[in-house]
Amino acid sequence: MNIPMYTHSKQFITSGLPVQQAKKAVVMLHGRGGTAADIISLQKVLKLDEMAIFAPQATNNSWYPYSFMAPVQQNEPALDSALALVDDVVKEIESGGIPADQIYFVGFSQGACLTLEYTTRNARKYGGIMAFTGGLVGQELAVVNYKGDFKQTPVFISTGNPDPHVPVSRVQESVTILEDMNAIVNQVIYPGRPHTISGDEIQLVNNTILKRS
């Protein structure tokens with residue numbers, strides 16, 4: 001089967017407060033086959049009140065065509081284009097007056113992988129990173145791509161054991177890299193959990209990363 005090569009146009013939807021009024025923002029990245037509207041609906045259960053919410057939309061509803069553990073070149077140019085789209089959204093948030101340390105990231109599945117890949121390639125102090133079932137991208141991880149210092153950014157990474165798309169070994173590999181870059185990582189592995197976001201995961205991040213200070 002020939003999978004078309006594609007790039008992403010700058011499409012996103014917003015919710016919550018206007019960026020000029022908010023003190024915090026969150027970038028939400030949907031999974032393969034999902035939509036920006038799907039992931040943004042998590043605002044009903046996540047503590048995102050008083051945040052500006054940005055949810056980019058992938059072309060073809062997929063951030064890249066193959067598995068996140070395929071050789072990176074097989075997922076180009078879609079992967080680089082997806083990373084550039086996330087960067088455009090982050091820059092838009094910053095231009096609205098919200099600094100990086102008040103920007104949060106939420107992703108599920110393919111969106112969680114993209115979340116981790118973007119933030120680890122651009123490590124700095126963020127508000128928090130929530131990767132619901134994800135890991136860093138590539139058949140082998142190119143550590144040379146990962147630059148910066150997370151400066152104690154809190155990170156949540158999960159998967160099921162087993163999970164049909166995100167093996168525990170890749171989550172653990174990713175956690176090691178993030179911790180080496182000064183992130184505070186909470187890794188949770190759920191025995192027998194289906195490929196979904198569980199209520200326990202929602203409660204965990206609400207009570208930690210998204211807890212009101």
Side-chain angles (χ1 to χ4, degrees), residues 1-19 22 24-70 74-93 96 98 103-119 126-137 156-160 163-166 193-199 201-202 205-206 209-210:
M1 183 174 69
N2 288 326
I3 296 187
M5 306 304 282
Y6 55 85
T7 57
H8 303 279
S9 57
K10 188 176 179 181
Q11 297 182 70
F12 60 86
I13 60 175
T14 60
S15 187
L17 290 180
V19 68
K24 299 180 179 183
V26 60
V27 180
M28 307 185 77
L29 298 173
H30 66 77
R32 186 189 298 273
T35 65
D38 292 339
I39 194 77
I40 220 168
S41 70
L42 287 177
Q43 68 180 309
K44 296 172 186 171
V45 292
L46 291 175
K47 291 181 180 176
L48 306 180
D49 301 337
E50 300 180 9
M51 287 193 188
I53 302 172
F54 288 74
Q57 174 63 51
T59 298
N60 300 334
N61 303 100
S62 179
W63 294 112
Y64 40 84
Y66 294 98
S67 162
F68 84 113
M69 294 187 68
Q74 287 186 14
N75 279 318
E76 297 296 5
L79 176 59
D80 275 352
S81 178
L83 291 165
L85 174 54
V86 176
D87 195 55
D88 282 348
V89 171
V90 169
K91 284 182 167 65
E92 184 146 333
I93 292 168
I98 297 176
I103 299 175
Y104 295 73
F105 294 84
V106 172
F108 170 62
S109 191
Q110 192 185 55
C113 298
L114 182 60
T115 291
L116 291 171
E117 191 69 15
Y118 174 79
T119 54
Y126 295 110
I129 298 164
M130 291 150 275
F132 296 116
T133 310
L136 291 169
V137 176
F156 174 84
I157 306 178
S158 64
T159 194
D163 183 88
H165 304 291
V166 181
R193 190 212 61 189
H195 190 73
T196 187
I197 302 174
S198 67
E201 290 167 273
I202 295 292
V205 299
N206 276 340
I209 295 175
L210 295 174

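In this chain, numbering begins with 1 at the start of the sequence shown.
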Asks: Which residues pass the side chain to side chain contact (heavy atoms under 4.5 Å, CB included) test with Ala84, sequence neighbours left out?
Replies: none
Asks: Tell me, which pairs form a ring pair (Phe, Tyr, Trp, His ring centres under 6.0 Å) where one or both residues lie in residues 29-57, sequence neighbours left out?
Replies: Phe12-Phe54, His30-Trp63
Asks: Suppose we screen for salt bridge (charged side-chain N to carboxylate O under 4.0 Å, His left out). Which residues come up paired with Asp87, at least two apart in sequence or across chains?
Replies: Lys91
Asks: Going by side chain to side chain donor-acceptor pair (under 3.5 Å), name the residues that satisfy it together with Thr14, two or more places apart in sequence or in a different chain.
Replies: none
Asks: So which pairs with a foot in residues 128-137 pass salt bridge (Lys or Arg N to Asp or Glu O under 4.0 Å), sequence neighbours left out?
Replies: none
Asks: Once ring pair (Phe, Tyr, Trp, His ring centres under 6.0 Å) is applied, do any residues pair with Phe132, and if so which ones, sequence neighbours excluded?
Replies: Phe156
Asks: Just jot down the side chain to side chain donor-acceptor pair (under 3.5 Å) partners of Lys44, sequence neighbours excluded, or say none.
Replies: none
Asks: Of all residues at least two apart in sequence or in a different chain, which pass the side chain to side chain donor-acceptor pair (under 3.5 Å) check with Ser67?
Replies: none
Asks: With sequence neighbours excluded, tell me which residues meet side chain to side chain contact (heavy atoms under 4.5 Å, CB included) with Ala112.
Replies: Ala131
Asks: Using side chain to side chain contact (heavy atoms under 4.5 Å, CB included) as the criterion, list what pairs up with Pro18, not counting sequence neighbours.
Replies: Gln20, Gln21
Asks: Under the side chain to side chain donor-acceptor pair (under 3.5 Å) test, which residues partner Asp163, sequence neighbours left out?
Replies: His195
Asks: Would you please name every residue forming a side chain to side chain contact (heavy atoms under 4.5 Å, CB included) with Glu76, sequence neighbours left out?
Replies: Val72, Gln73, Leu79, Asp80
